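Below is one structure, written out as structure tokens; the observations come after it.
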Amino acid sequence: MNNDCIVVYESIYNRNTEKLACIMARTLGCEFIRAQEALKTDLSQYKAVGFGSGIYFGSHHPAIFEVVKNLDKTEQHIFIFSSRGAPVLGNYHDPIKKLLLEKGKKIAGEFSVRGYDETGPWVIIGGGNVGKPDEKDIKKAAKFLRNCLPQYCMPDFYEQIKTKNKVKDGFVNTYSLSINETQVILKGDIVTINQSVCKGCGKCVNICPLSVIESVKNKAVPFKELDCTLCRLCEINCRERAINLHYNWLDAIKVAVRHGKRKSL
Ligand SMILES: Cc1cc2nc3c(=O)[nH]c(=O)nc-3n(C[C@H](O)[C@H](O)[C@H](O)COP(=O)(O)O)c2cc1C
């Protein structure tokens, strides 16, 4: 768990912004909390904080303003995000940005996407921005953080694996890497689990609908990763962000073929 960062959000309408908060927290490997919880949390302990919500009548949710008003003058990196109905962001971020600047905060970056909206004139056409934020927006949100706060993002060590990193330990896909002189053990090519980070909480073991993951000596191991449907429940629910799914379009098609004849779980 990355305890240097936190994401604070409100998402009262369609949970559009919650999707952004979730991917941002995953990218940073940190927690994401609602504004009410943030009011009870000492935010000065975090080096980087994200504030986001839907845009309601031209600005962020009042609860986000409440949280920002309670911030002290600690030097922190701040990012602002939102989802909105309008095609362009315009000056919707300005009010919260002004308050943050008054608090002496540095704004590391801002991010906004369109979100499903059925208010006002949109109702005539059965809603606007249908399906948004979509997968592309989610990827953009992660990329935004990797660009503006790279120092706080969780690295995906799997990208650094070379054939020589393979370890013979009885499990087919175990890799050993040396990162900043620390040994990192990864298991799995599709469902990759960082053994060095896994705390053995068992959440992924219990949540996987296909029982892909098992617990061995208090570590999660992806024994049946070829059964993985790429639902990402393990990845999303791992508090330590020890799990990363890796797949290309061919893997995705293979999943469909493999499970094509299934009639039940
Ligand atoms: C009460 C209300 C007011 C809204 N006002 C605006 C607005 O001023 N500008 C805009 O672009 N979108 C506006 N929207 C649309 C939302 O910003 C958009 O649907 C957003 O994705 C909602 O985020 P959420 O699902 O996280 O709450 C409004 C929506 C609601 C419910």
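Just so you know, these numbers come straight off a predicted model, no measurement behind them. Every number for a ligand or one of its atoms is a count from 1 in the order of the listing.
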**OP:** Look at D227 together with R258 and state whether they make a salt bridge at an N to O cut-off of under 4.0 Å.
**Re:** no
Original post:
Any Lys/Arg nitrogen of R232 or E235 sitting under 4.0 Å from an Asp/Glu carboxylate oxygen of the other?
Top reply: yes
Original post:
Are V8 and L145 in one and the same hydrophobic cluster, where Ile, Leu, Val, Met, Phe, Trp and Tyr link if side-chain heavy atoms are under 4.5 Å apart?
Top reply: no
Original post:
Rounded to the nearest 0.5 Å, how far apart are OG1 of T192 and CD of E159?
Top reply: 10.0 Å
Subject >> Sorted by chain and number, the residues that approach ligand 1 to under 4.0 Å with a heavy atom >> reply: S11, I12, Y13, N14, R15, N16, T17, G54, I55, Y56, F57, G58, S83, R84, G85, A86, Y92, G115, Y116, D117, T119
Subject >> E31 bridged to R239 by N-O distance under 4.0 Å >> reply: yes
Original post:
Under 30°, 30 to 60°, or over 60°: which ring-plane class applies to Y175 and Y158, parallel, tilted or perpendicular?
Top reply: perpendicular
